[in-house]
Each structure stands twice: as structure tokens, then as C-alpha cells.
Amino acid sequence: TTTGALFWSGPKRCPHDLKFSADNELHLDYIVAAANLKAFMCNLPPNTDKAAIKAMVSKMVVPEFKPRSGVKIDVTEAEADARNTNDLDKDGLEKLKASLPNLDKAQGRKINVVDFEKDDDDNFHMDFITAASNLRAENYDI
């Protein structure tokens, strides 16, 4: 920090990376909720079969997270405002644009807007919020 104190000191808990495991119920809850929210957006039927989803994700290889070096974390709004925000990754942007499907292939596809509704237990909204909150708590050892 600008005062010389370490950022992760005092009451601030340093987060740790989570190792994905299909056997971890928290991880699976997050995937089920997130996948079903995306399915709704893409007009696909929901899938709540945790055993089938677990079998699918068990075959996936999740690369280990490796933080970039030299990244500065702004502690105050003044530091964020002072930082140059024109550091756009143009190569990354071009790669992203090239990976997007051609607009001609998207003709006729309808994307549903997801309006947040906390009182509907069948829409996965609160499931997603709960799962994300629980993973954050695990991340910070809360």
C-alpha cells in the first residue's frame, strides 16, 4: 500500500486458489446453477441430474491457475483513477474477435434475457448466488 503496509495484513484475509473437484459438493452446485442459467439464456432445457453433470465435468481438465506477475492492485479509488486505463490488450482482443462465430451462423438464434427473481426456486438464481457465496467463503477460509 502507499503507507508501506502489506496489503494482506491486519483484518484482511488472503484468498487461496481452489482446486476444482467434481467430488466437492460446493463446486458441483456452482456448475449446476451456472450451466442451467446459461442453458436458459440459450433456449436449452435445464439439467438437474447431478450424477450426469458430475460424470461430464469429471472428464474435464481444469488448468492450474497461475497469477500474472507485475500486477498492481489498486487499494484506493485515487490509485485506480491515477492508473493508466489505456492499457488495452489489442492482441488478446483480436484473438477473442477471431474466436467468435460468424454472425451469419447466429441468424435465427434467440437469447433469453435472465431477469433476476429471488422467489422462484426453480430458476437457479438463488442457487447460483448461494454457490458463488459459498465458494468465496471457502476461498477466504471463512
Is any side-chain heavy atom of [Y] closer than 4.5 Å to one of [X]?
{"X": "Leu18", "Y": "His16", "answer": "yes"}
{"X": "Phe40", "Y": "Asn123", "answer": "no"}
{"X": "Val57", "Y": "Met60", "answer": "yes"}

Residues that Lys19 engages under salt bridge (charged side-chain N to carboxylate O under 4.0 Å, His left out), provided they are two or more places apart: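 Only Asp17 meet the salt bridge (charged side-chain N to carboxylate O under 4.0 Å, His left out) criterion with Lys19.
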Members sharing Val61's hydrophobic cluster (side chains within less than 4.5 Å):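 Reading the cluster by chain and number, Val61 sits alone, since nothing else belongs.
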Remaining members of the apolar cluster that contains Phe116, side-chain heavy atoms under 4.5 Å: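 When side chains under 4.5 Å apart are linked, the cluster holding Phe116 also contains Met126, Ile129.
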Pro45 to Ala39 - nearest heavy-atom pair and separation: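 Smallest heavy-atom distance, with atoms named: O-CB, 4.0 Å.
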Cluster link Leu26 to Tyr140, ILVMFWY, side chain under 4.5 Å: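 Per the 4.5 Å side-chain linkage, Leu26 and Tyr140 are not co-clustered.
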Single-linkage hydrophobic cluster, 4.5 Å side-chain cutoff, Met41 and Leu37 together: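 Yes.
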What distance do [X] atom [atom1] and [Y] atom [atom2] have between them, rounded to the nearest 0.5 Å?
{"X": "Asn24", "Y": "Asn134", "atom1": "CG", "atom2": "CG", "value": "10.5 Å"}
{"X": "Ile31", "Y": "Met56", "atom1": "CD1", "atom2": "CE", "value": "10.5 Å"}
{"X": "Asn47", "Y": "Ile53", "atom1": "CG", "atom2": "CD1", "value": "4.0 Å"}
{"X": "Cys14", "Y": "Asn139", "atom1": "SG", "atom2": "CG", "value": "9.0 Å"}
{"X": "Ile111", "Y": "Lys38", "atom1": "CD1", "atom2": "NZ", "value": "8.5 Å"}

Polar side-chain atom of His125 near backbone of Glu117 as donor-acceptor pair, under 3.5 Å: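 Answer holds: yes.
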Under 3.5 Å donor-acceptor, Ser99 side chain and Leu96 backbone: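 Flag set: sc Ser99 to bb Leu96 pair under 3.5 Å.
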Pairs involving residues 41-70, ordered by first then second residue, that meet salt bridge (charged side-chain N to carboxylate O under 4.0 Å, His left out) (sequence neighbours left out):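 Residue pairs with at least one partner in residues 41-70: Asp23-Lys54, Glu25-Lys50, Asp29-Lys50.
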Within residues 132-142 or reaching into it, pairs that qualify as salt bridge (charged side-chain N to carboxylate O under 4.0 Å, His left out) - sequence neighbours excluded: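 Counting only pairs at least two positions apart or across chains, no salt bridge (charged side-chain N to carboxylate O under 4.0 Å, His left out) contact touches residues 132-142.
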Parallel, tilted or perpendicular, as decided by the 30° and 60° cut-offs, for the rings of Tyr30 and Phe128: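 Because their plane-to-plane angle lies in the 30° to 60° range, the rings of Phe128 and Tyr30 count as tilted.
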Set of residues satisfying side chain to side chain donor-acceptor pair (under 3.5 Å) with respect to Asn112, sequence neighbours excluded: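 For Asn112, the residues satisfying side chain to side chain donor-acceptor pair (under 3.5 Å) (neighbours in sequence not counted) are Asn43, Lys110.
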